[in-house]
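This report concerns only the one structure given below.
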Amino acid sequence: MASRSFFCLYALVLFFLATADFSAALSPYYYNKVCPKALPTIKRVVEAAVEKEKRMGASLLRLHFHDCFVNGCDASILLDSTSTIDSEKNARPNANSARGFNVIDKIKSEVDKVCRRPVVSCADILAVAARDSVVALGGPSWTVPLGRRDSTTASRTDANNNIPTPFMDLPALINSFSKQGLDTKDLVALSGGHVIGFSQCAFFKNRIYNESNIDPVFARARQSTCPPNGGDTNLAPLDPTAARFDTAYFTNLVKRRGLLHSDQALFNGGSTDSLVKTYSTNFGAFSADFAKSMVKMGNIKPLTGKNGQIRVNCRKVN
């Protein structure tokens, strides 16, 4: 009797294994069989875009970040406004600043061409393009888990509420990252994405004119292109080597030359000071932690299996 019961249980287990949907787990090998040319194609388009404009690397990295912080890494940031879609592109952190959408469109077109059908999600394109952008600017590489699917909705309200702002103090930053399952090390490492790219004057004007924990020489230099009135869209580099992935961002923080209030908050007598100091002199440690944190961020609430869809056009729902 016992042997018969065991056999029945064994048969049920085999049936479950045969019918279970294992596509729910992300895997770096997700496209190996269905479209082995997908990842090389993404890399080719990203490298061409970054070669044409170095700033684009930072823009593509930022798209992935701002996507993942709003209900997971599901490409919701790419959806245009419609009668039923309140586009995240119009949220305060993205309006008139998020860019790179045309590059994502180009990647999608080229990938669908080599795959002969739309099998690569826009969410995966964002994740891989972020990695390839960092590599193109001299940063570390990492293995990107794949198999995300695309959302069928977006939320401007959640984008306004969930994406960290450049005006946050350290406790608010820690809380914002914690809500996404990211710890303090992730906060500092991922903030290191500011080793590349630029910011608009509106986001650092108050810091360079009114804050005291800032090098006065640095403040005057930034004031030369960011007047107290007007000039809100004027750009300044987030660190001295904005087109190269290095440790200059952290070196600047130690010197009280963080451009954004939220940058300098990482080195202002708080719990993250020691890690900032470590990264400022140890590119290997920063690179390794940045890569780990990017994988961790890329795993925030992905849509998998039968959830979501593979968009034909990244800007709209099928």
Side-chain angles (χ1 to χ4, degrees), residues 42-43 45-69 77 93-94 97-104 107 125-142 144 163-166 173 186-201 203-204 218 221-222 225 233-255 257-267 275-276 279-295 297-298:
I42 297 174
K43 182 180 180 182
V45 179
V46 168
E47 287 178 341
V50 174
E51 179 63 26
K52 183 178 179 180
E53 182 194 11
K54 298 297 185 185
R55 182 186 171 203
M56 186 54 68
S59 298
L60 294 174
L61 175 61
R62 186 169 182 255
L63 279 184
H64 181 46
F65 185 103
H66 283 206
D67 179 44
C68 291
F69 265 66
I77 193 173
N94 297 324
S97 64
R99 57 197 299 274
F101 300 108
N102 290 337
V103 175
I104 298 300
I107 294 172
I125 287 174
L126 283 174
V128 176
R131 188 270 312 274
D132 291 346
S133 294
V134 169
V135 173
L137 293 174
S141 184
W142 59 91
V144 179
I163 296 174
T165 78
L173 288 168
D186 297 317
L187 161 63
V188 180
L190 291 173
S191 295
H194 285 177
V195 298
I196 53 177
F198 294 76
S199 178
Q200 294 183 9
C201 168
F203 297 128
F204 60 85
F218 173 76
R222 294 281 68 86
T225 57
T233 60
N234 293 352
L235 296 175
L238 286 162
D239 87 349
T241 55
R244 187 169 71 244
F245 198 96
D246 54 22
T247 61
Y249 167 78
F250 296 106
T251 302
N252 256 20
L253 297 187
V254 173
K255 296 178 180 178
R257 295 175 183 173
L259 184 64
L260 305 177
H261 179 89
S262 58
D263 289 331
Q264 197 59 56
L266 300 178
F267 190 84
L275 189 55
V276 168
Y279 289 163
S280 71
T281 59
N282 192 329
F283 179 70
F286 165 50
S287 294
D289 288 349
F290 181 81
K292 290 176 185 176
S293 293
M294 284 298 295
V295 172
M297 184 184 75

Atom OG in S280, atom CG in N252: separation rounded to 0.5 Å? 10.5 Å

Which heavy atom in G192 sits nearest to a heavy atom in F250, and how many Å separate them? CA-CZ, 3.6 Å

Please give me the minimum heavy-atom distance between H64 and G298, naming the atom from each residue. NE2-CA, 4.0 Å

Answer whether the closest heavy-atom distance between the side chains of Q200 and S97 falls below 4.5 Å. yes

Quick one: does Q264's side chain have a donor or acceptor within less than 3.5 Å of a partner on G258's backbone? yes

For A129 and I107, the nearest pair of non-hydrogen atoms, with its separation, is CB-CD1, 4.1 Å

May I ask you to decide whether E47 forms a salt bridge with K52, counting only side-chain N to carboxylate O separations under 4.0 Å? no

Do T241 and I196 come close enough that some side-chain heavy atom pair is under 4.5 Å? no

Looking at K54, I'd like to know if its NZ atom is crowded, meaning that more than 12 non-hydrogen atoms belonging to other residues, nucleotides or ligands lie closer than 6.0 Å. yes

Looking at side-chain heavy atoms only, is the closest gap between V195 and L238 below 4.5 Å? no

Heavy atoms of S59 and R99 approach each other most closely as OG-NH1, 2.9 Å

Decide yes or no for L235 and S199: does some side-chain heavy atom of the first lie under 4.5 Å from some side-chain heavy atom of the second? no

To the nearest 0.5 Å, tell me how far I125 CD1 sits from L60 CG. 11.5 Å

Could you state the interatomic distance from OH (Y279) to CZ (F267), rounded to the nearest 0.5 Å? 14.5 Å

Using the rule given for side-chain contact (heavy atoms from CB on, under 4.5 Å), can you reason through F286 versus V188, listing the C-alpha separation, both sets of side-chain angles and the distance that settles it, and then say yes or no? CA-CA 9 Å; F286 165 50; V188 180; over 6 Å; no

Separation of L275 CG from S191 OG (nearest 0.5 Å): 10.0 Å

Residues in side chain to side chain donor-acceptor pair (under 3.5 Å) contact with S293, at least two apart in sequence or another chain: D186

Is the shortest heavy-atom distance from the side chain of T247 to the side chain of T281 under 4.5 Å? no

Should we count CD of E53 as having more than 12 external heavy atoms under 6.0 Å? yes

Can you name the closest pair of heavy atoms from F204 and A236 and give their distance? CZ-CB, 3.6 Å

So, using side chain to side chain donor-acceptor pair (under 3.5 Å) as the criterion, who are the partners of D263 when residues are at least two apart? H194, Y249

In terms of ring plane angle, is the pair F69 and F65 parallel, tilted or perpendicular, where the classes change at 30° and 60°? parallel

Rounded to the nearest 0.5 angstrom, the CG-NZ distance for L190 and K292 is 13.0 Å

Applying side chain to side chain donor-acceptor pair (under 3.5 Å) to R131 and not counting sequence neighbours gives none

With a 4.5 Å cut-off on side-chain heavy atoms, are I163 and T165 touching? no

Working note: F203 + F198, criterion ring-ring contact (aromatic ring centres under 6.0 Å, His included); need CA distance, chi angles, decisive distance, verdict. CA-CA 11 Å; F203 297 128; F198 294 76; over 10 Å; no

Would you say the side chain of I42 lies within less than 4.5 Å of the side chain of D132, judging by non-hydrogen atoms? yes

The reported gap from CG in L173 to CG in L266 (rounded to nearest 0.5 angstrom) is 6.5 Å

If we ignore angles and hydrogens, is there a donor and acceptor under 3.5 Å between the side chains of T225 and N234? no

Where do R62 and P93 come nearest, in terms of heavy atoms and distance? NH2-O, 2.8 Å

Walk me through whether F245 and V135 qualify under side-chain contact (heavy atoms from CB on, under 4.5 Å). CA-CA 8 Å; F245 198 96; V135 173; over 6 Å; no

